[in-house]
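Scroll down for the structure; my scribbles are underneath it.
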Amino acid sequence: MAEDRAPDPSRDPARDPVGDPAGGATPLDAQGLVRSPLHERHVALGAKLAEFGGWSMPLEYPSGVVKEHTAVRDAVGLFDVSHLGKASVTGPGAADFVDATLSNDLRRIGPGQAQYTLCCDEETGGIVDDLIAYLHDEEHVLLVPNAANTAEVVRRLTAAAPAGVSVTDEHRDHVVLAVQGPRSDDLLAAVGLPVGHDYMSFAVAPYAAQGLTHDVVVCRTGYTGERGYELVAPVAAALGLWDALVAAGEPLGLLACGLGARDTLRTEMGYPLHGQDISLDVTPNQARLGWAVGWGKDAFWGKEVLTAERAAGPRRRLQGLVATGRGIPRPHMTVSLTPDVLLGEITSGTFSPTLRKGIGLALLPSFVADDAEVGVDVRGRREVFQVVRPPFVAPSVRT
């Protein structure tokens with residue numbers, strides 16, 4: 001799933017005195033940021049914390065972004081992504097309601113499966129948010145939107161919900177952990193959680209923590225391109241689940257990973273980040289996300305305008321860029337065809353630890369071919385990049 005903007009390392013809530021060692025309800029810190037139920041664990045591990053979607057979350061640990069990135073590609077990494085939103089749509093006709101509003105065709109999946117989908121604006125077709133829908137049954141769909149967009153998604157759904165269908169914001173009620181990497185199955189099996197189910201499917205399993213048994217949703221999803229799982233559990237299970245995973249992961253090469261590594265991993269996959277690559281100003285057609293739209297459905301928000309744009313062809317597309325030299329792109333750097341012909345700007349850019357070169361995403365005019373060469377203004381130098389179609393690194397999510 002996507003997120004809400006790259007983390008802001010200029011804020012360091014790690015020094016704030018407010019905390020909740022018991023791992024209970026998520027409090028605010030001295031800067032007004034929401035804290036994860038696992039905040040004290042991150043502080044104890046020496047994490048550098050930063051603002052992300054209104055939450056104080058780990059940016060990186062002392063191991064550093066590159067080692068965390070490599071652990072996910074080669075072994076297994078553990079991320080706290082509790083800042084992600086959680087909202088339940090329940091009641092008779094709940095699944096039909098979600099299907100009639102969000103972009104993807106929920107009828108392509110059945111109970112026990114998850115689906116990437118988009119909440120689009122009815123008038124413009126712009127992307128309000130991208131999210132994961134967990135179909136429990138016809139009367140219960142769990143939505144996991146991005147942190148900063150949760151309230152707006154809930155607001156729009158609540159305003160449109162028919163009688164009998166309830167939309168409940170559960171943003172602070174659950175911890176979300178991402179276990180990602182080729183040894184993910186080994187780690188979850190070691191703590192007694194189910195593994196081996198199909199990609200984008202989930203199982204609900206009991207898990208005992210701190211003397212109580214809790215239901216944990218274990219889904220074959222992630223934001224790294226590696227085989228992995230995302231766990232959604234009640235806040236009361238947070239500390240016990242985290243501690244068990246850390247202990248069991250030590251012989252497997254586990255590293256706790258921050259949102260810095262999550263960003264480099266998702267960029268290598270070409271996964272869009274809301275607030276940078278996609279937004280209310282970007283449509284699914286422009287973002288190459290038409291595969292997440294149920295074009296044959298009777299209704300979804302933005303269908304009319306998006307169908308018309310699809311037929312005419314979008315004026316711009318999200319493209320990948322790979323450095324031919326040593327340049328490393330960063331958001332807002334300009335992209336040009338020739339020094340005096342501007343095309344757009346970088347939306348996401350980073351150094352790829354896997355490829356050992358700079359990579360990025362940019363919204364460019366549709367006439368720019370997939371193999372074209374363009375220039376990126378990197379601190380006053382025009383560096384040459386090749387336009388490619390992501391992913392930059394072959395994904396392993398289905399292996």
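Fair warning: this is a prediction, and the values are worked out from it, not measured in the lab.
The aromatic rings of W291 and Y116 sit parallel to each other, their planes meeting at less than 30°, with 60° as the upper class boundary.
No side-chain heavy atom of T221 sits less than 4.5 Å from a side-chain heavy atom of V144. The shortest side-chain heavy-atom distance between Q386 and L321 does not fall under the 4.5 Å cut-off. Two residues are said to be in side-chain contact when any heavy atoms from C-beta on lie closer than 4.5 Å; Q319 and L343 fail this criterion.
Comment: E226 does not engage R262 in a salt bridge, judged by the lack of any side-chain N to carboxylate O separation of less than 4.0 angstrom. Taking 4.0 Å as the cut-off between side-chain N and carboxylate O, D185 and R227 count as a salt-bridged pair. A salt bridge links R156 with D121: at least one charged nitrogen is closer than 4.0 Å to a carboxylate oxygen.
No side-chain donor-acceptor contact under 3.5 Å links R288 to the backbone of R389. Not one N or O on the side chain of T350 forms a donor-acceptor pair closer than 3.5 Å with the backbone of S352. Between the side chain of S396 and the backbone N or O of T399 there is no donor-acceptor pair closer than 3.5 Å. Counting only distance, with no hydrogens or angles, the side chain of T283 and the backbone of G125 share no donor-acceptor pair below 3.5 Å. Looking only at distances, no side-chain donor or acceptor of H39 sits under 3.5 Å from a matching main-chain atom of S56. Under the 3.5 Å distance criterion, the side-chain polar atoms of T117 are matched with a main-chain donor or acceptor of N104. Side chain of D277 to main chain of L273: a donor-acceptor pair is present (N/O by atom type, distance under 3.5 Å, no hydrogens or angles). Between the side chain of S82 and the backbone N or O of V176, at least one donor-acceptor pair lies under 3.5 Å. Side chain of E170 to main chain of D173: no donor-acceptor pair is present (N/O by atom type, distance under 3.5 Å, no hydrogens or angles). In this structure a side-chain-to-backbone donor-acceptor pair under 3.5 Å is missing from S201 to G112.
To the nearest 0.5 Å, the span separating OG1 on T224 from CG on L265 amounts to 5.5 Å. Within the model, atoms OG of S88 and CG of D169 stand 9.5 Å from one another, a figure rounded to the nearest 0.5 Å. The distance from atom NE2 of H42 to atom CG of D80, rounded to the nearest 0.5 Å, is 3.5 Å. Atoms CZ and CG, from F97 and L102 in turn, are 8.0 Å apart once rounded to the nearest 0.5 Å. Here the CG-CG distance, from L342 to L337, works out to 10.0 Å after rounding to the nearest 0.5 Å. The distance from the CG atom of D130 to the CD1 atom of I132 is 8.0 Å, given to the nearest 0.5 Å.
Residues in residues 239-258 take part in these side chain to side chain donor-acceptor pair (under 3.5 Å) pairs, two or more places apart or across chains: R41-D243.
In this structure R155 satisfies the salt bridge (charged side-chain N to carboxylate O under 4.0 Å, His left out) test together with E152, sequence neighbours excluded. Taking E268 as the reference, R73 meet the salt bridge (charged side-chain N to carboxylate O under 4.0 Å, His left out) condition, with sequence neighbours excluded.
A287 approaches V282 most closely through the heavy-atom pair CB-CG1, 4.1 Å. Of all heavy-atom pairs between A238 and L38, the closest is O-CD2, 3.6 Å. Considering all non-hydrogen atoms of both residues, C120 and L306 come closest at SG-CD1, 4.2 Å. The two residues P353 and R356 have their closest heavy-atom pair at O-CD, 3.2 Å. Listed here is the closest heavy atom pair of Y207 and A244: OH-CB, 3.1 Å. Between A87 and V154, the shortest heavy-atom distance links the atoms CB-CG2, 3.8 Å.
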Evaluate F385 against T324 for side-chain contact (heavy atoms from CB on, under 4.5 Å), listing each step before the verdict. CA-CA 5 Å; F385 282 71; T324 61; 5.9 Å; no
Might you work through the salt bridge (charged side-chain N to carboxylate O under 4.0 Å, His left out) test for K48 and E68, ending with a clear yes or no? CA-CA 13 Å; K48 180 178 181 180; E68 293 167 21; over 6 Å; no
What verdict does the ring-ring contact (aromatic ring centres under 6.0 Å, His included) test give for H136 and F202, after you've listed the backbone C-alpha separation in whole Å, the side-chain angles of each residue and the deciding distance to 0.1 Å? CA-CA 9 Å; H136 284 264; F202 65 89; 4.9 Å; yes
Given the rule in the side-chain contact (heavy atoms from CB on, under 4.5 Å) test, do R330 and I346 qualify, once you have shown the distances and angles that lead to the verdict? CA-CA 6 Å; R330 300 297 182 188; I346 299 295; 5.9 Å; no
Chi angles and distances behind the side-chain contact (heavy atoms from CB on, under 4.5 Å) call for R107, K297: CA-CA 10 Å; R107 297 310 169 195; K297 294 196 303 181; over 6 Å; no
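Aromatic rings from H69 and F351 are positioned such that their centres are separated by 6.0 Å or more.
Under the 3.5 Å distance criterion, with hydrogens and angles disregarded, no donor-acceptor pair is assigned to the side chains of Q31 and E51.
Counting heavy-atom neighbours within 6.0 Å of R108 CZ, excluding the residue itself, gives a total above 12.
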